[in-house]
Amino acid sequence: MNLRYRRLKGTRDILLGEVEKLRWCEERWCEVLSRYGYGEIRTPVIEPTDLFLRSVGKGTDIVDKEMYTFETKGGESLTLRPEMTASVVRAYLENGLTRQPGTMKFYYIAPMFRHDRPQAGRYRQFHQVGVEALGSDSPVLDAEVIQTAMALFEAVGAKGVMVQVNSIGCPECRPAFLEDLKVFLKDNLDVIPESMQGRIDINPLRLYDAKDDGVNQLLATFKPITESLCQGCRDHHEVVLRTLESLGVPFVNDPALVRGLDYYCRTTFEITARSGRKQSSLAGGGRYDYLVEQCGGPATAAIGFSIGVERTLLHLDDKPFDAQRSPQSPVDVYVACADAAAQEYALVQTDALRAMCRVEIDTTGRSMKAQAKSANLRQAKIMLVVGEQEMQTGVIQFKNFANGEQKQVAGESLPAAVQEVMEG
RNA sequence: GUGGCUGUAGCUCAGUCGGCAGAGCCCCUGGUUGUGGUCCAGGUGGUCGUGGGUUCGAAUCCCAUCAGCCACCCCA
């Protein structure tokens with residue numbers, strides 16, 4: 001068909017079968033998250049551009065080339081959120097939650113927007129399920145947060161997921177490491193592809209992200225960041241690893257793991273799935289003890305993560321749902337109508353049924369055969385037939401699909417008759 | 001931003017050497033003058049992604065272009 005309108009690149013329509021699978025996952029995730037003490041938060045999808053510039057950070061791909069940014073008529077620069085952490089911190093401050101006692105724990109399942117080139121498990125509008133816990137600097141919380149992420153995968157039956165953990169230090173110990181790293185990288189420029197050389201001064205840690213073999217081998221010869229940590233970070237990291245071990249969370253300590261966002265400190269982690277192709281990185285997160293303060297609030301330690309919903313679903317291919325099932329919703333009672341007058345009569349006569357079950361009135365004017373076929377497709381338990389004769393007598397044809405029996409039921413007795421079948 | 005693959009009916013796809021545009025499913029109608037899940041018969045539905053070129057003749061060959069998918073990059 002020559003379509004006049006098409007969906008935008010990297011966006012998609014989610015039809016009934018997949019919606020049900022999504023909701024199945026979401027219900028489990030909400031349940032798990034509430035058991036870990038999280039409450040849902042919903043924030044606007046648009047925010048001031050500056051919120052992301054300053055939190056996620058210039059020099060990151062997200063800010064430099066992936067944000068949906070536009071200007072309003074008033075000249076204000078707005079951005080469709082590319083991630084959730086900055087919004088949650090903003091909301092935390094804006095709603096005066098800094099004075100709440102204890103740790104504030106938020107979760108979200110929400111759409112994000114990034115102008116990437118789409119591919120399997122990667123969209124321009126995609127969903128993340130994630131958490132943000134603000135108000136505690138305890139390494140025990142780090143371990144609990146990582147365990148929470150793993151629990152979310154387990155809840156939907158994701159197999160073969162593994163955590164990589166690292167510590168990238170704090171403003172006290174990281175600068176010295178970064179200086180050493182820069183010097184080291186510049187001494188070995190010939191090994192580093194030109195496309196990556198620009199990062200050395202802006203964000204040298206990101207070289208660890210490179211999948212270039214030469215760079216990887218080069219960095220493997222450099223001292224791991226975990227050996228450059230200050231005592232505080234070192235102790236913190238040790239407790240995180242120890243607690244994860246006690247919890248039985250499967251993890252590997254990976255000093256080459258960094259995160260692409262600027263605000264992280266100390267604990268960072270990533271969760272990957274073992275699978276041939278597809279997007280193997282399913283989730284990422286870490287500590288951000290300085291972000292709240294940087295956003296104008298009181299010094300507040302915090303940690304969070306987010307999971308890519310689409311790629312997690314992709315990884316769940318032994319799913320309990322049939323993606324090919326009918327895109328039409330199931331009903332309990334299907335009302336076949338002979339003509340327009342019968343439709344009008346039927347709508348009024350069956351109105352009371354909607355208090356107890358799902359009712360579809362066929363207003364297509366097709367043949368009775370076609371209408372009955374649809375009743376079957378919609379998995380109806382009962383079909384009512386309304387035509388001229390029924391309108392005159394006030395008695396409606398009532399067919400029970402389960403046993404094929406058909407009887408006549410007066411309009412006022414319909415609710416009782418339907419209820420009997422529904423309960424049987 | 002770079003590379004690979006694919007575009008034919010609503011869906012899944014055939015289409016040989018360049019020679020009438022096809023199948024299955026879906027949908028509609030009828031068999032059953034008002035009744036499903038089985039069956040039978042018939043029917044609707046096409047800018048062969050788009051534009052150009054070669055040719056007596058192009059879905060098929062050539063060029064361009066657009067779209068989709070996949071991979072790199074990066075990320076979730």
Side-chain angles (χ1 to χ4, degrees), chain A residues 1-3 6-12 15 56 59-66 82-85 109-130 149 152 193 195-196 199 203 206-212 258-261 269-273 276-285 304-315 324 326-328 334-339 342 362 364-390 396-402 404-406:
Chain A
M1 207 171 0
N2 206 358
L3 295 174
R6 305 173 56 90
R7 62 176 171 263
L8 266 26
K9 184 196 279 287
T11 65
R12 60 204 197 98
L15 272 33
V56 175
T60 63
D61 278 8
I62 292 179
V63 163
D64 288 351
K65 40 189 193 190
E66 295 174 5
E83 59 111 39
M84 197 66 177
T85 302
I109 304 178
M112 308 293 155
F113 306 84
R114 292 185 198 176
H115 193 99
D116 264 10
R117 196 74 172 263
Q119 66 193 66
R122 178 154 131 188
Y123 300 91
R124 288 183 172 181
Q125 175 174 348
F126 62 102
H127 295 80
Q128 290 186 334
V129 48
L152 293 179
S195 60
M196 302 180 189
R199 293 183 200 158
N203 201 339
R206 292 195 54 222
L207 268 292
Y208 281 100
D209 273 339
K211 282 168 188 160
D212 184 271
V258 297
R259 304 259 77 229
L261 284 58
F269 61 98
E270 183 166 321
I271 299 177
T272 54
R277 7 178 234 289
K278 299 177 183 173
Q279 302 293 327
S280 63
S281 174
L282 300 183
F305 68 77
S306 69
I307 296 176
V309 172
E310 283 80 2
R311 56 182 60 175
T312 296
L313 259 51
L314 200 60
H315 184 250
Q324 292 304 312
S326 168
Q328 299 205 38
Y334 199 94
V335 188
C337 305
D339 54 26
D362 193 314
T364 61
R366 294 173 293 169
S367 67
M368 278 297 162
K369 179 177 180 168
Q371 295 190 49
K373 214 171 162 187
S374 276
N376 191 246
L377 178 72
R378 301 286 288 272
Q379 304 168 47
K381 298 179 183 70
I382 297 163
M383 178 174 70
L384 304 179
V385 180
V386 179
E388 203 171 332
Q389 195 185 337
E390 288 75 17
I396 289 171
Q397 300 293 323
F398 183 108
K399 178 161 184 170
N400 183 344
F401 275 133
E405 283 170 18
Q406 185 164 332

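Lettering of chains follows the sequences in order, A, B, ..., and the numbering in each one begins at 1. The figures here come from the full heavy-atom set of this structure, side chains too, leaving out hydrogens, waters and symmetry mates.
Taking A/Lys381 as the reference, A/Asp332 meet the side-chain hydrogen bond (donor to acceptor under 3.5 Å, both in side chains) condition, with sequence neighbours excluded. Listed by chain and number, the residues in a side-chain hydrogen bond (donor to acceptor under 3.5 Å, both in side chains) with A/Arg117 amount to none (sequence neighbours excluded). In terms of the side-chain hydrogen bond (donor to acceptor under 3.5 Å, both in side chains) criterion, A/Glu388 has no residue partners (sequence neighbours excluded).
The aromatic ring of A/Phe126 sits over the base of B/A76, with ring centres less than 5.5 Å apart and planes tilted by under 30°.
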Pairing of RNA chain B as dot-bracket, 5' to 3': ( ) intra-strand, [ ] crossing, | other strand, . unpaired, with Watson-Crick or G-U pairs under 3.5 Å? (((((((..((((.....[..)))).(((((.......))))).....(((((..]....))))))))))))....
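Shown here for A/Ser281 and A/Thr272, the closest heavy-atom pair between the two residues is CA-CG2, 4.0 Å.
Nearest-nucleotide assignment on RNA chain B puts the 5′-proximal partner with A/Phe401, out of A/Pro118 and A/Phe401. For the pair A/Gly10 and A/Lys65, both in contact range of RNA chain B, the more 5′-proximal nearest nucleotide belongs to A/Gly10.
Remark: the separation of the P atoms in B/A58 and B/U2 is 35 Å, to the nearest Å. When the C1' atom is used for both B/U12 and B/C17, the distance is 28 Å, rounded to whole Å. Nucleotides B/C62 and B/G18 place their C1' atoms 13 Å apart, quoted to the nearest Å. If you take atom P in B/C40 and the same atom in B/G52, they sit 45 Å apart, rounded to whole Å.
A/Met112 comes within 4.0 angstrom of no nucleic acid atom, judged by non-hydrogen atoms across all strands. The residue A/Gly404 sits close to a base: some heavy atom pair falls under 4.0 Å. No engagement by A/Glu310 is indicated, since no non-hydrogen atom pair under 4.0 Å with the nucleic acid exists. Looking at heavy-atom distances under 4.0 Å, A/Ala283 makes contact with sugar-phosphate atoms alone, never a base. At the heavy-atom level, A/Gln397 lies under 4.0 Å from base atoms of the strands shown. Within 4.0 Å (heavy atoms only), A/Phe113 reaches no atom of the nucleic acid at all. Residue A/Gln371 is classed as having no contact, given no heavy-atom separation below 4.0 Å to the nucleic acid. Looking at heavy-atom distances under 4.0 Å, A/Arg6 makes contact with sugar-phosphate atoms alone, never a base.
Between A/Asp116 and A/Arg122, at least one side-chain N (NZ, or NE/NH1/NH2) sits under 4.0 Å from a carboxylate O, which counts as a salt bridge.
Considering only side-chain N and O atoms, A/Lys9 lies under 4.0 angstrom from the phosphate OP1 or OP2 of B/G68.
Looking at A/Arg122, its side chain comes within 3.5 Å of the base of B/C73 through a donor and an acceptor atom. You'll find a donor-acceptor pair under 3.5 Å spanning the side chain of A/Arg114 and the base of B/A76, going by distance alone.
For the atom pair A/Leu282 CG and A/Ile271 CD1, the distance stands at 8.0 Å (nearest 0.5 Å). Between the NZ atom of A/Lys9 and the NE2 atom of A/His115 there is a distance of 8.5 Å, given to the nearest 0.5 Å.
At a threshold of 4.5 Å between non-hydrogen side-chain atoms, the residues A/Val309 and A/Tyr123 do not count as touching.
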Listed pairs, N/O of protein and of nucleotides 3-8 of chain B, under 3.5 Å:
none

Between the protein and nucleotides 25-28 of chain B, list the N/O to N/O atom pairs that are separated by less than 3.5 angstrom.
| unit_1 | atom_1 | unit_2 | atom_2 | d |
| --- | --- | --- | --- | --- |
| B/C28 | OP1 | A/Arg366 | NH1 | 2.6 |

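Side-chain atoms of A/Gln406 and A/Gln397 form a donor-acceptor pair, as typed in the model, at a separation below 3.5 Å.
Counting to the nearest Å, the P atom of B/C73 and the CD atom of A/Glu66 are 14 Å from each other.
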